[in-house]
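First up is the structure itself, then whatever we jot down about it.
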There are 2 protein chains.
Amino acid sequence: MSLRGRPVRVKFAYQQVADEIQKQIFDGSIKPGERLPGEHELAEMFGVTRSTVREGLRQLENDGLVHRPSPRRLEVCLPGTDALTSRASRTMMMMGVTFRDLWQVSMVTEPLAAELAAQNITDPEKVELRAIHARLSAITDDMLLVSKIDTQFHSFIAEATKNRVLTMAREPVSMLLYRGFAQVAPLAKIALPRQAEAHTHIVEAICAHDADLARTWMRRHINDFWKAIQNANLQDSVPAELPSEDE
Amino acid sequence: MSLRGRPVRVKFAYQQVADEIQKQIFDGSIKPGERLPGEHELAEMFGVTRSTVREGLRQLENDGLVHRPSPRRLEVCLPGTDALTSRASRTMMMMGVTFRDLWQVSMVTEPLAAELAAQNITDPEKVELRAIHARLSAITDDMLLVSKIDTQFHSFIAEATKNRVLTMAREPVSMLLYRGFAQVAPLAKIALPRQAEAHTHIVEAICAHDADLARTWMRRHINDFWKAIQNANLQDSVPAELPSEDE
DNA sequence: GAGTCGTTTAGTGTCTGACAGTCCGACATA
DNA sequence: TATGTCGGACTGTCAGACACTAAACGACTC
């Protein structure tokens, strides 16, 4: 016979506190933006010490369920994607993903993004998309800035799809590719006109709600990027940390 | 003139502790699997109190960089994807993603997975894939179990691609779709033979390293699933929490 | 020697209590 | 209305303590 033994998980006090608060956030007892009571009060409510509450809060903070604009303010907030993307890309980096891996995925997500964006973009978004494109076109020398705005360009298209799943799935990939772009950029100055052309076509196709065309051009665009990576012989290398993270 | 004021960010002690340990993990000073000194010792090393160290450790624990099999053992570990996927799917759920969103993404990720799996699957993996398929085929009544094994089936294919980016990107999506599957399953019993057929073709194509065929069948398979969702009129609804999370 | 069984002990989880620095909100002032 | 001042509340950090448990250790059997 087989004895089914589920691991008895001991519930530590700080865990219970975190779970309880989390539950109240999920079921709507506490609404996003609302302030939480002070640690002292929380401690009294849960019948534990402030230290215990603190450890629980720290966990919620890491989960992105509460936010501390200043040490004094502790407010509930729905978890954004920021924390997730940075963690995801960090994990990918540590797992040793290669540019090839990133490219293979981008090769399907980016065209999809373009396609869906063409279907769902709003008029105000069109204006902004064109603005980003214009800003990108204006740069001719600072390749690092080019890669930065380019990443922004793609992210904006993804957001225009209104598909959060796609947004979340591609964001970490995009972040890592950005680093790759920054690495190959100096070598790829020659490809700039070609990139600009692709971008123009993508923007126009999306704004014209031509999903097929948008997808096609995006596909081409990503492929170009891949060729640049290959020229730099980076296919199987791992994205590196960027030197600085200043604005 | 423009006065540039970057927000002064105070580095709290527990943050510094966490950062320092994290840095030592990243640069390889501490290797995965190794044990960390006790809290008391760490406190002495960093010149802070145990409480402070604790808060820092809690953060690393949440990040998945250290692991506590029991309260006594504190060991370094490379962050797995488990914590990320559960967090990601939770976030998606709270953002109110619909089955349509999930399907749109799966429609590109799953065929890609099949394609790459066909290229990269190893012989031992073929055996296991067939085993999962057989296990799935044997079930005829328990639709909930079907959806569970089906999820496993797809995840296994994704792992066979050896592309960690794809694995990580699709896992949360798969998790949420699983819930959807569990919801429509009772209604979709009729579609079971069709699903079995698709699975068979997918398995054979992958094992024969026929990437195109694998992609095609996977595409068809996902489309079938979408039709089931439509029949249940769930396209724009949000995946619900499953009743229980036993074994 | 390998495996089993107590015993010891180090280390965690939690608590009490405290203090300095700081931020918030309100009040007063112009 | 906008600015200066002030008290109070609250956080981050500290020191020290205690119960309880799991890991390490040694004793004991085969």
Side-chain angles (χ1 to χ4, degrees), chain A residues 3 5-25 30-77, chain B residues 3 5-25 30-77:
Chain A
L3 177 61
R6 204 155 2 81
V8 175
R9 73 190 54 196
V10 187
K11 279 283 193 173
F12 299 113
Y14 70 90
Q15 263 293 339
Q16 292 183 44
V17 170
D19 288 351
E20 180 56 32
I21 297 179
Q22 175 174 325
K23 212 177 74 182
Q24 294 203 22
I25 293 177
I30 327 175
K31 292 205 166 26
E34 231 171 285
R35 280 187 66 176
L36 256 60
E39 297 178 351
H40 210 46
E41 195 170 338
L42 284 173
E44 207 170 349
M45 287 170 58
F46 287 104
V48 293
T49 328
R50 202 159 70 88
S51 333
T52 306
V53 169
R54 276 179 133 264
E55 296 196 41
L57 286 180
R58 206 64 67 200
Q59 180 160 334
L60 293 175
E61 205 174 337
N62 270 89
D63 277 12
L65 286 168
V66 304
H67 179 233
R68 263 185 220 271
S70 97
R72 283 331 204 8
R73 300 191 65 85
L74 178 69
E75 44 191 45
V76 180
C77 67
Chain B
L3 177 59
R6 207 159 352 85
V8 175
R9 76 189 51 189
V10 188
K11 275 282 192 177
F12 298 114
Y14 69 90
Q15 262 295 337
Q16 292 182 40
V17 170
D19 288 351
E20 180 56 32
I21 296 179
Q22 174 174 326
K23 211 177 75 184
Q24 295 203 21
I25 292 178
I30 327 175
K31 295 209 164 24
E34 232 172 285
R35 281 186 65 176
L36 257 60
E39 296 178 352
H40 209 46
E41 196 171 336
L42 284 173
E44 206 170 349
M45 286 169 58
F46 287 103
V48 294
T49 329
R50 204 161 69 92
S51 332
T52 307
V53 168
R54 279 183 129 260
E55 297 197 41
L57 286 180
R58 207 64 67 197
Q59 181 161 334
L60 293 176
E61 205 173 338
N62 272 98
D63 278 11
L65 286 169
V66 303
H67 178 233
R68 264 184 219 272
S70 99
R72 279 330 192 26
R73 302 188 65 85
L74 178 69
E75 44 191 47
V76 180
C77 68

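Residue numbering restarts at 1 for every chain, and letters A, B, ... go by the order of the sequence lines.
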Rounded to the nearest angstrom, tell me the gap between atom [atom1] in [X] and atom [atom2] in [N].
{"X": "B:E39", "N": "D:dC14", "atom1": "CD", "atom2": "P", "answer": "14 Å"}
{"X": "A:L42", "N": "D:dA9", "atom1": "CG", "atom2": "P", "answer": "17 Å"}
{"X": "B:L74", "N": "C:dG11", "atom1": "CG", "atom2": "P", "answer": "12 Å"}
{"X": "A:H40", "N": "D:dG12", "atom1": "NE2", "atom2": "C1'", "answer": "15 Å"}
{"X": "B:E44", "N": "C:dG11", "atom1": "CD", "atom2": "C1'", "answer": "14 Å"}
{"X": "A:R68", "N": "D:dC10", "atom1": "CZ", "atom2": "P", "answer": "13 Å"}

Checking [Y] against [X]: is there a side-chain donor and acceptor pair closer than 3.5 Å?
{"X": "B:Q24", "Y": "B:E20", "answer": "yes"}
{"X": "A:R58", "Y": "A:Y14", "answer": "no"}
{"X": "A:Q59", "Y": "A:E55", "answer": "no"}

Please determine if a side-chain N or O atom of B:S70 lies less than 4.0 Å away from the OP1 or OP2 oxygen of D:dA23. yes

Any chance you could measure B:L60, atom CG, to B:L74, atom CG, to the nearest 0.5 Å?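 Rounded to the nearest 0.5 Å, the CG-CG separation comes to 8.5 Å.
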
Could you pull out the closest heavy-atom pair between B:D63 and B:Q22, with the gap in Å? OD2-OE1, 4.3 Å

Please list each protein N or O that sits under 3.5 Å from an N or O in nucleotides 25-27 of chain C, with the distance.
none

Thinking salt bridges, do [X] and [Y] make one under a 4.0 Å N-O criterion?
{"X": "A:R72", "Y": "A:E39", "result": "no"}
{"X": "A:K31", "Y": "A:E34", "result": "no"}
{"X": "B:R35", "Y": "B:E75", "result": "no"}

Nucleotide by nucleotide, 5' to 3', does protein get under 4.0 Å of the base (B), only the sugar-phosphate (S), or neither (-) in nucleotides 14-22 of chain C, counting heavy atoms? BBB-B--BB

